[in-house]
S.K.: 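Right, I'll just put the structure down here and ask away after.
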Amino acid sequence: MSIPAESLPIGVASERAPNGRGWSSTSAFVLAAAGSAVGLGNVWKFPYIAGEYGGGAFVLVYLVCVVVIGLPILMAEIALGRRGGHSPIHAFGRLSAQEGHSKHWRMIGWMGLVGTLLLLSFYSVVAGWSLSYLWYALSGQLFAIAADAVSPAEHMSNLFDGLLADPIELILGHSLIMALTIAVVGKGVRGGLERAVRGMVPGLLILLVGLVGYAAVATDQFAAAATFLFQPDFSALTGHAVLVALGHAFFSLSVGMTAMMAYGSYLDQKASVAGASVAIAGVDTVVALLAGLAIFPIVFAHGLAPGSGPGLLFVTLPIAFSEVSGGAIVAALFFLFLAMAALTSTISVLEPITEYLEQRFHRSRAMATGMAGTMIWALGLGSVFSFNLTKEVQWFGLNFFDLLDFVTSHVLLPLGGLLIALYAGRILSKEALTSELNMGDGYLFKTWRILLRYVCPPSVGIILIYNLL
Ligand code: PHE
């Protein structure tokens, strides 16, 4: 039996909190949402795109994109989630029915749902690489320079190529990540998500600070790395770089995919959406910058290039680790940090679909999580095989993994963000917004609404068109 979206009562999110279904506190929500935002995007992508697009100037543009576009949409997404009080699809249906708008706005929820399925399926494969590397570091394989390799550099590329060529090993990493994700999400909001993030988010922050400290003490390149990240050289900045920065702000803040909406649906009515959003965006940005300060000094100290693409973490960095004292331990801690950062994101991506299945089909939490997780796991095999068995199979010149990455990061995320900005900024009544945001209608509220109505849609529209062309 399904519940028509319109008949679900308003304000359920706040009523859930006391009976143990919502977050136990606002700080638990902030921790979970910050955990969602902090992920492979911060550690794997941000440093190498910053490296590729010239460092400081890119970082500056990125910060502007986060504040002016990412943050307003993040606030909108959390507010819509809390007001809807149910799974994103139901939430759009209810909010629209309440104000007499078309029920077709539920499409935003559907799009988000498809996006989360696709995103998690390949994200989990990359997250699995960090488990493989954690194992390589612990077992000594990482630094056991093979007889056939002439240099650490060659050994590291062989190791990475070997991992990608081995479907069984990739499946193992992907399966472990999915199993952990299902185990956490299946236990519910308080018993699963909240317990996991309470341990993992502080843990990963401590590890990161430790790694930055290590990079500062063990290398003499910390100042060079800081200059690289913080001294803007605008000559290196291209129009393309600006669009990359904006696209990455979306990915990094986890907006446009309804993950934040689902987390918001469990948020207590008294919590400040604006305050929580600023905290989430702040933690996410600081972690991205700290990741750069942990990685670049080590990379520079070994004369390696900063912008070496996705291989930065799995080839360049291990080469550098292999040459420092205590490198094996530092490498193990680094890949543990990466795996934890990834897991606090994967659980947030599985949440919206779990919430939907739970409410739509009246399934138990465990059953809904298992169903969604298994489907995503199976889809992930397509990404696994695109590195080896089906490497040659391409669509529009992209293999399956790259195609999913393109469709989610370059199309669905900005499109979702655009529609959320339009819905919150132009469809939902101002009264609904003011009552939900609880921040009055002073200049902060006005600025937010202006950004949402006039700045976000054209800027996001431009990246969308640019990406599609
Ligand atoms: N923000 C996550 C990261 O930086 C990725 C993500 C995107 C998670 C969208 C949830 C939704 O890795």
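Atoms within a ligand are numbered from 1 in the order they appear, just like the ligands themselves.
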S.K.: Please give the N or O to N or O pairs under 3.5 Å between ligand 1 and the protein, distances rounded to 0.1 Å.
M.R.:
residue: ligand 1; atom: 1 (N); partner: Ser36; partner atom: O; Å: 3.2
residue: ligand 1; atom: 1 (N); partner: Ala37; partner atom: O; Å: 3.0
residue: ligand 1; atom: 1 (N); partner: Phe251; partner atom: O; Å: 2.8
residue: ligand 1; atom: 1 (N); partner: Ser252; partner atom: O; Å: 3.1
residue: ligand 1; atom: 1 (N); partner: Ser254; partner atom: OG; Å: 2.9
residue: ligand 1; atom: 4 (O); partner: Ala37; partner atom: O; Å: 3.0
residue: ligand 1; atom: 4 (O); partner: Gly41; partner atom: N; Å: 3.4
residue: ligand 1; atom: 4 (O); partner: Asn42; partner atom: OD1; Å: 3.3
residue: ligand 1; atom: 12 (O); partner: Leu40; partner atom: N; Å: 3.1
residue: ligand 1; atom: 12 (O); partner: Gly41; partner atom: N; Å: 2.9
residue: ligand 1; atom: 12 (O); partner: Tyr123; partner atom: OH; Å: 2.6

S.K.: Could you check whether the rings of Trp377 and His174 sit parallel, tilted or perpendicular, using 30° and 60° as the cut-offs?
M.R.: parallel

S.K.: Would you mind checking if Glu351 and Arg365 are paired as a salt bridge, meaning a charged N to carboxylate O distance below 4.0 Å?
M.R.: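 Looking at Arg365 and Glu351, the cut-off is met.
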
S.K.: Sequence neighbours left out, what passes side chain to side chain donor-acceptor pair (under 3.5 Å) with Asp405? Give chain and number order.
M.R.: Ser409

S.K.: Under 6.0 Å from the ring centre and within 45 degrees of the ring axis: does the NZ or CZ of Arg453 meet both conditions for the six-membered ring of Tyr423?
M.R.: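 No cation-pi geometry.
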
S.K.: Are Tyr263 and Leu193 packed together at the side-chain level, in the sense that at least one heavy-atom pair is separated by less than 4.5 angstrom?
M.R.: yes

S.K.: Among Ile182, Val184, Ile353, find the one that has a side-chain contact (heavy atoms from CB on, under 4.5 Å) with Thr369.
M.R.: Ile182

